[in-house]
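What follows is a single structure, written as structure tokens, with notes after it.
As the structure is a computational prediction, the values presented were derived from the model and not from experiment.
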Amino acid sequence: DAGVIQSPRHEVTEMGQEVTLRCKPISGHDYLFWYRQTMMRGLELLIYFNNNVPIDDSGMPEDRFSAKMPNASFSTLKIQPSEPRDSAVYFCASSPRRVHEQFFGPGTRLTVL
Amino acid sequence: AQSVAQPEDQVNVAEGNPLTVKCTYSVSGNPYLFWYVQYPNRGLQFLLKYITGDNLVKGSYGFEAEFNKSQTSFHLKKPSALVSDSALYFCAVRADTNAGKSTFGDGTTLTVKP
């Protein structure tokens, strides 16, 4: 298995632009998580899905952020409009069952100028 | 509610010496506990977990952790550190009643010097 796949690996954009991050979870995993990592705030859970349904989005910072999971093999995290404070590394992770560990993707490093 | 504390931002050890990275937790209900490692410019990698059973859990790369219910701790240990163990380590907890959502600590940077 190729593991969790994220694209792009790096994204540089200007303030006000729309940014879309993509994630392909490991096949058969029914939980998908989006995290954001910064030096100041550490690792933050933004949202997670179970069987493609959003379960908890309380970590989404504001309405500029949205996430979708149209099917079991694909999820997106969108920021519109982007701001410099959104600069961070965004990780996607998947998990096969509630009690199991999470498998993280390599992350997308987002820089908003 | 659930929370994790990693009291040390940084741990320094000499190669060949034993290492300990500390973690304490708070949950309502029974805890599921995890350790992850992150190398520079990489995603987190799972090391080991405690779900139930034996309090001493063995994981990848020679790491182990001991679940201590009375002290609400889950410290990560290794008998003999390697320079290649230098990385950022995260402890995570999830209550057995909290489907899916784990809470991660702030991380501890481990530096092993030759």
Inset, instruction - Could you look at B:Leu88 and say if it's the side chain, the backbone, both or neither that has a heavy atom under 4.5 Å from chain A? - result: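 Answer is side chain: those atoms of B:Leu88 sit under 4.5 Å from chain A.
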
Inset, instruction - Please flag which part of B:Gln38 lies under 4.5 Å from any non-hydrogen atom of chain A: side chain, backbone, both or neither. - result: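 Contact with chain A: side chain only.
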
Legend entry - Centroid-centroid distance, B:Tyr36 to B:Phe104, less than 6.0 Å: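 Ring-ring flag for B:Tyr36/B:Phe104: true, centres closer than 6.0 Å.
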
Legend entry - Aromatic ring proximity, centroids under 6.0 angstrom, B:Phe63 and B:Tyr89: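 That pair passes the under 6.0 Å test.
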
Inset, instruction - Take A:Gln102 and A:Ser95 through the test side-chain hydrogen bond (donor to acceptor under 3.5 Å, both in side chains) and record every step on the way to the result. - result: CA-CA 5 Å; A:Gln102 297 177 23; A:Ser95 178; over 6 Å; no

Under 4.5 Å heavy-atom distance to chain B, tell me which part of [X] shows up: side chain, backbone, both or neither.
X	answer
A:Asp56	side chain
A:Arg9	side chain
A:Ser58	side chain

Inset, instruction - Name the member of A:Tyr48, A:Phe103, A:Tyr35 that forms the most heavy-atom pairs with chain B at distances under 4.5 Å. - result: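 The candidate making the most pairs under 4.5 Å is A:Tyr48.
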
Inset, instruction - State plainly whether one hydrophobic cluster holds both B:Trp35 and B:Val13, where clusters connect Ile, Leu, Val, Met, Phe, Trp and Tyr through side-chain heavy atoms under 4.5 angstrom apart. - result: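 Yes, same cluster.
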
Inset, instruction - Answer whether the closest heavy-atom distance between the side chains of A:Thr20 and A:Arg22 falls below 4.5 Å. - result: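 In contact.
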
